[in-house]
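No hydrogens, no waters, no symmetry mates; every other heavy atom, side chains included, goes into these values. This structure is a prediction, so every number in the text was calculated from the model and none was measured.
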Amino acid sequence: MSCPTHETDLRLIAKRRVRARFSFPTHAFWYAAVNATLAVVNLATTPHSLWFHWSVLGWGVGLAAHAWEAYGPPPRSLQAEIDAEIERLRHAGAR
């Protein structure tokens, strides 16, 4: 017998990860394009004072988080946790 909450949870997780995978290449493209432009502007206008690396670093953290969401490992054994909780509930109800 299937647990509807489990199926709903899995569907939500799957939808979020698929959306993240579809949107990641666009995010990576804009990250590279904008930061390359900022580097050129920085080096052309104030080469003695570098500041573009702050954008690379800050936005890079967001891009890394996006990549982790899209391609990282699945949630820690969600199925096993749900199955264990169902067993605990069954044993609690059998008393």
Side-chain angles (χ1 to χ4, degrees):
M1 185 163 128
S2 173
C3 178
T5 305
H6 174 254
E7 291 301 318
T8 303
D9 291 344
L10 289 179
R11 179 168 292 283
L12 290 173
I13 291 167
K15 284 173 72 172
R16 186 179 69 230
R17 292 191 79 171
V18 167
R19 284 187 186 129
R21 283 189 195 117
F22 272 94
S23 63
F24 181 76
T26 303
H27 188 178
F29 169 80
W30 285 111
Y31 170 80
V34 168
N35 284 298
T37 302
L38 290 175
V40 168
V41 168
N42 182 191
L43 295 173
T45 59
T46 56
H48 57 280
S49 176
L50 299 179
W51 47 260
F52 76 91
H53 62 278
W54 294 112
S55 173
V56 171
L57 180 64
W59 194 345
V61 169
L63 185 65
H66 191 162
W68 182 259
E69 181 179 7
Y71 303 107
R76 187 179 62 86
S77 63
L78 180 63
Q79 179 63 46
E81 291 292 325
I82 290 172
D83 290 344
E85 183 64 21
I86 289 171
E87 286 303 313
R88 280 191 290 272
L89 292 171
R90 281 186 185 141
H91 290 302
R95 292 182 189 172

Enquirer: To the nearest 0.5 Å, what is the distance between CZ on R19 and NZ on K15?
Expert: 5.0 Å
Enquirer: Going hydrophobic residue to hydrophobic residue with side-chain gaps under 4.5 angstrom, can you get from F29 over to L63?
Expert: yes
Enquirer: Could you pull out all residues at least two apart from F24 that satisfy ring-ring contact (aromatic ring centres under 6.0 Å, His included)?
Expert: H66, Y71
Enquirer: Can you list the other members of the hydrophobic cluster that holds V40, where links are side-chain heavy atoms under 4.5 angstrom apart?
Expert: none
Enquirer: Do the non-hydrogen side-chain atoms of F52 and N35 ever get within less than 4.5 Å of each other?
Expert: no
Enquirer: Holding to side chain to side chain donor-acceptor pair (under 3.5 Å), I want the full list of residues that pass it with T46, two or more places apart in sequence or in another chain.
Expert: N42, W51
Enquirer: Got L38 and V56 here, is their nearest side-chain heavy-atom distance under 4.5 Å?
Expert: no
Enquirer: Is R16 paired with E69 through a side-chain N to carboxylate O contact shorter than 4.0 Å?
Expert: yes
Enquirer: Taking all non-hydrogen atoms of both residues, which atom of W59 and which atom of W30 are closest, and how far apart?
Expert: CH2-O, 3.5 Å
